[in-house]
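Indexing begins at 1, ligand by ligand and atom by atom, following the structure's order. Quick caveat, the model's predicted, so the values are computed rather than measured.
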Amino acid sequence: MSATSSTPQNAQDTMIRLSGVEKWYGDHHVLTNVSADVKRGQVVVLCGPSGSGKSTLIRTMNHLEPINEGSIIVNGENVHARGININRLRSHIGFVFQQFNLFPHLSVLENVTCGPLWVNKADARETRALAHELLEKVGLAHKAEAYPNQLSGGQQQRVAIARALAMKPPVMLFDEPTSALDPEMVGEVLSVMKALASEGMTMVCVTHEMKFARDVSDEVWFMDQGQLLEVADPEAFFTAPNHPRAQKFLSDIHAG
Ligand code: ADP
Ligand code: MG
């Protein structure tokens, strides 16, 4: 069937579409009417003050958090559709957390292969080859047989990225991937992310690393109090943010 007929052009270019997303925790309105698109291949940095709803928003994108209203389409799939297989969905959207959560009793290689083997029932030999390739990509080919507790935090986070990539996700979500790291390890994780971005991976990254945002992102999203207040080109955002609260956020960062 022709892909052109009834599908609007932008539906194919859009990896994530948030439409009127609303979320409450009890009486607390944490996401208010959030609408935005992430295009295929785009790198979005989501920033804003602590408690503004960044984690909540990114977690709704793979249904780690339910929403109360609105819709979220990821790679053509309605993430909050009734009856959706949440485990299957989550396993196919890459998510990297602040805490790396590797399996301590599995080797680095096994941490990377377990998703494809257990969830996808993938071929063992192919999966091992893929895992070696991914460990190479994150600079840890020599650690394949090591265990997580033998690795630094930066190395563990790079394994966590390789593990997410092993599921061949169409999009990678990062929630403060460098915030739990000692400062000297931040760079090695950001450079892996930068390499991924340059290969065309679609990425949404919650991060306080403003230099990364400025150098690597295609778009900056600024949130405050559950609202997406500004969606901007990074250069424009960092030189002249529009919204007064974005201006305050940036001047607070520079003052600190
Ligand atoms: P950010 O990641 O920007 O720091 P969060 O998304 O973690 O913000 O939190 C947004 C708001 O929702 C905050 O006020 C936070 O206290 C509240 N919140 C987050 N998680 C929960 C939860 N599980 N239950 C109740 N309130 C929550
Ligand atoms: Mg957070």
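Near Ser52, meaning under 4.0 Å from one of its heavy atoms, ligand 1 places the atoms 1 (P), 3 (O), 8 (O). Of all the atoms in ligand 1, the ones that sit under 4.0 Å from a non-hydrogen atom of Pro49 are 3 (O).
When only non-hydrogen protein atoms are considered, atom 8 (O) of ligand 1 lies nearest to Gly53 N, 3.2 Å. Val30 CG1, 3.4 Å is the protein heavy atom nearest to atom 11 (C) of ligand 1. Atom 19 (C) of ligand 1 has its closest protein heavy atom at Tyr25 CE1, 3.4 Å. Scanning all protein heavy atoms for the shortest distance to atom 14 (O) of ligand 1 gives His28 NE2, 3.0 Å. Counting only heavy atoms of the protein, atom 5 (P) of ligand 1 lies nearest to Thr56 OG1, 3.6 Å. When hydrogens are left out, the protein atom nearest atom 7 (O) of ligand 1 is Ser55 CB, 3.8 Å; that is the closest non-hydrogen contact.
Nearest to atom 10 (C) of ligand 1 by heavy-atom distance, out of Cys47, Ser50, Gly226, Gly51, is Gly51.
Side-chain heavy-atom separations under 4.5 angstrom define the hydrophobic clusters, and the remaining members of the one that includes Phe103 are Leu106, Leu117, Trp118.
Residue-to-ligand polar distances keep Glu65 apart from ligand 1: every N/O pair is separated by 3.5 Å or more.
Other residues, nucleotides and ligands contribute at most 12 non-hydrogen atoms within 6.0 Å of the CD atom of Glu136.
By the criterion of a separation under 2.8 Å, the protein N/O/S atoms near the Mg ion (ligand 2) amount to Ser55 OG.
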